[in-house]
Visitor: 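Below you'll find the structure I mean.
In what follows, every heavy atom counts, from backbone to side chain, and hydrogens, waters and symmetry copies are set aside. What you see is a predicted model, and the numbers here were worked out from it, not measured in a lab.
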Amino acid sequence: MKIDGRVNGLYSLAYGKSWAKPEREQKRHAKKDGAQNSNGPNSHTPQEQKGGIYVTPIQATKAQEDTIKHAMNELSKVEFSANDILYMKNLGVNLPFKNGNEAVEYLNSKNIDVMYAKFSNPNVHACLDTTQATPAVLINSNYKDLASFPDILAISEAMFHEAGHAKDEDSDNSIQEEIDCLALNVLAHQHYKKTYPEIFKDQKSPLYFEGVNLYDSLFFDFDPDKKALKQRVSEKYGFLNVSSKNHLGSNLAYDIKNMQQS
């Protein structure tokens, strides 16, 4: 993992992807490693008010790098059940990858680093930095010392989500893209629960109760209208467009957008 000057970027909330930046934002990203700028995390641009944050990558320890490697290894073993794939398709999801190994191979083939970063909003779990020629997956540094086996699995789910964003090879985002990438989290979570029963029981970190456990319960809610899922995604991503490149809006995405406009 390398630190290469990705400083004070602007990203979408919870899990997400950077927006295209105006010219003044591009100048901020030209700064060197660790540089600070006058428009830091306490400034509020219109984009930030809509759900953006500033991030600063940190240098990882050997133990933290090993956690990332272990998470990548576990992700490579993730398989989706045929029933889960059909379930997601019926919801309107277009899965970016067929399994976890596809995502790992993609990240490796594109030399996409996974690293920890300080996020100005502590509620953000992970994001994809698309401000450089080579993207980077950033994990909230609040989780940098989480190293139990359940933590490693949860971190791998966040990596899976960001790999889904990276596959587009653009900085555009949308409600549908977030749905598609959240589904990756959830199907990995389903795989881990079946492979390691009770593995996520009684976990207390926000990475679980505001992240991997939460979205698993929302996607597999018995409510056929998925009202809770729609409400959550609307709160986090409702300001985005319904569709983006490679992510044609489903009825679910349009319902979420309509919640913002009602």
Visitor: If we only count heavy atoms from C-beta on, is the N108 to E105 side-chain gap below 4.5 Å?
Guide: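 No, their side chains stay 4.5 Å or more apart.
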Visitor: Mind checking whether L218 and L182 have side chains closer than 4.5 Å, heavy atoms only?
Guide: no
Visitor: State the OG-CG distance between S156 and N73, to the nearest 0.5 angstrom.
Guide: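 One gets 10.0 Å once the value is rounded to the nearest 0.5 Å.
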Visitor: Measure from the side-chain N and O atoms of S120 to the backbone N and O of Y54, and report whether any donor-acceptor pair falls under 3.5 Å.
Guide: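 Between the backbone of Y54 and the side chain of S120 there is a qualifying donor-acceptor contact (under 3.5 Å).
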Visitor: Is a donor from one side chain sitting under 3.5 angstrom from an acceptor on the other, for Y116 and N142?
Guide: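 Absent: no donor and acceptor within the cut-off.
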Visitor: Is the side chain of Y106 donor-acceptor paired with the backbone N or O of A166 at a distance under 3.5 Å, no angle test?
Guide: yes
Visitor: Would K167 and F97 count as a cation-pi pair here, with the cationic atom under 6.0 angstrom from the ring centre and within 45° of the axis?
Guide: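 Output yes; distance and angle both within limits.
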Visitor: Can you tell me if N251 has over 12 outside heavy atoms packed within less than 6.0 Å of its CG?
Guide: no
Visitor: What side-chain donor-acceptor pairs closer than 3.5 Å can you find for residues 79-87, not counting sequence neighbours?
Guide:
from, atom 1, to, atom 2, distance (Å)
S81, OG, D84, N, 3.0
S81, OG, D84, OD2, 3.3
D84, OD2, K194, NZ, 3.3
Y87, OH, F219, O, 2.5
Y87, OH, K226, NZ, 3.2

Visitor: L91 versus S250: any side-chain heavy-atom pair under 4.5 Å?
Guide: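 SC-SC contact between L91 and S250 ruled out.
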Visitor: Would you compute the distance between atom CD of E157 and atom CD of Q190 and round it to the nearest 0.5 angstrom?
Guide: 9.5 Å
Visitor: Judged by atom type as modelled, is there a donor-acceptor pair below 3.5 Å linking the side chain of N241 to the main-chain atoms of S243?
Guide: no
Visitor: Is it true that E210 and R232 make a salt bridge, defined as a side-chain N closer than 4.0 Å to a carboxylate O?
Guide: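 So E210 pairs with R232 through a salt bridge.
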Visitor: Set out, in order, the CA-CA distance, both residues' side-chain angles and the distance that settles salt bridge (charged side-chain N to carboxylate O under 4.0 Å, His left out) for K62 and E65, then state yes or no.
Guide: CA-CA 5 Å; K62 174 63 165 56; E65 290 184 355; over 6 Å; no
Visitor: Can T134 and K110 be said to form a side-chain contact (heavy atoms from CB on, under 4.5 Å), step by step?
Guide: CA-CA 7 Å; T134 301; K110 298 296 182 178; 5.9 Å; no
Visitor: Within a strict 4.5 Å, meaning less than it, do heavy atoms of the L153 and I199 side chains meet?
Guide: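 Side chain of L153 against side chain of I199, heavy atoms only: contact under 4.5 Å found.
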Visitor: Nearest 0.5 angstrom please: H247 NE2 to E177 CD, how far?
Guide: 3.5 Å
Visitor: Please write out which residues are connected to V242 in a hydrophobic cluster, directly or through intermediates, given that two of Ile, Leu, Val, Met, Phe, Trp, Tyr count as joined at side-chain heavy-atom separations below 4.5 angstrom.
Guide: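 Via sub-4.5 Å side-chain contacts, V242 links to Y254.
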Visitor: Flag the pair I112 / E162 as yes when at least one side-chain heavy-atom distance between them is below 4.5 Å, and no otherwise.
Guide: no
Visitor: Is the closest side-chain heavy-atom distance between Q203 and V212 below 4.5 Å?
Guide: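 No, their side chains stay 4.5 Å or more apart.
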Visitor: Under the ring pair (Phe, Tyr, Trp, His ring centres under 6.0 Å) test, which residues partner H191, sequence neighbours left out?
Guide: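 Scan of H191 (ring pair (Phe, Tyr, Trp, His ring centres under 6.0 Å), adjacent residues dropped) gives none.
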Visitor: Working note: I256 + I179, criterion side-chain contact (heavy atoms from CB on, under 4.5 Å); need CA distance, chi angles, decisive distance, verdict.
Guide: CA-CA 10 Å; I256 290 166; I179 292 170; 3.8 Å; yes
Visitor: Nearest 0.5 Å, please: how far is NZ in K69 from OG1 in T67?
Guide: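 Answer rounded to 0.5 Å: 11.0 Å.
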Visitor: How long is the span from the CD1 atom in I58 to the CD1 atom in I139, to the nearest 0.5 Å?
Guide: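 Those atoms lie 11.5 Å apart.
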Visitor: Output, in order, the C-alpha distance, side-chain angles, deciding distance and verdict of side-chain contact (heavy atoms from CB on, under 4.5 Å) for Y215 and H161.
Guide: CA-CA 12 Å; Y215 284 103; H161 179 112; over 6 Å; no
Visitor: To the nearest 0.5 Å, what is the distance between OH (Y192) and CD (E74)?
Guide: 6.0 Å
Visitor: Under a single-linkage definition using a 4.5 Å side-chain heavy-atom cutoff for Ile, Leu, Val, Met, Phe, Trp and Tyr, are I152 and V78 assigned to the same hydrophobic cluster?
Guide: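 Hydrophobic grouping puts I152 apart from V78.
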Visitor: Hey, is the main chain of T61 close enough, under 3.5 Å, to the side chain of Q64 for a donor-acceptor pair?
Guide: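 Yes: the side chain of Q64 pairs with the backbone of T61.
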Visitor: Can you tell if the side chain of V137 reaches within under 4.5 Å of the side chain of M115, non-hydrogen atoms only?
Guide: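 No, their side chains stay 4.5 Å or more apart.
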Visitor: Should N173 and E178 count as side-chain neighbours, where that means a heavy-atom distance under 4.5 Å?
Guide: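 Of all side-chain heavy-atom pairs linking E178 with N173, at least one is under 4.5 Å.
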Visitor: For the residue pair S244 / S174, report whether a side-chain donor-acceptor contact shorter than 3.5 Å exists.
Guide: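 Yes, S244 and S174 have a side-chain donor paired with an acceptor closer than 3.5 Å.
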Visitor: Testing the basics here: between Q176 and G92, what is the closest heavy-atom pair and its distance to 0.1 Å?
Guide: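 Between these two residues, the closest heavy atoms are NE2-O, 3.0 Å.
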Visitor: Does Y208 reach the main-chain N or O of D151 with its side chain, forming a donor-acceptor pair under 3.5 Å?
Guide: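 Yes; judged by distance alone, with no hydrogens or angles, the pair exists.
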Visitor: Just by distance, do the side chain of D113 and the backbone of A136 share a donor-acceptor pair under 3.5 Å?
Guide: no
Visitor: Hey, is D170 close enough to K245 for a salt bridge, meaning N to O under 4.0 Å?
Guide: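 No.
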Visitor: For side-chain contact (heavy atoms from CB on, under 4.5 Å), just list the numbers for V233 and L252, CA-CA rounded to whole Å, side-chain angles, deciding distance to a tenth of an Å, and then say yes or no.
Guide: CA-CA 10 Å; V233 177; L252 178 60; over 6 Å; no
Visitor: Establish, from distance only, whether the side-chain atoms of N213 and H189 form a donor-acceptor pair under 3.5 Å.
Guide: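 The criterion, which ignores hydrogens and geometry beyond distance, is satisfied for H189 and N213.
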Visitor: List the atom of P150, the atom of F200, and the distance in Å for their closest heavy-atom pair.
Guide: O-CE2, 3.9 Å
Visitor: Backbone N or O of L240 within a donor-acceptor pair of the K257 side chain at under 3.5 Å?
Guide: yes
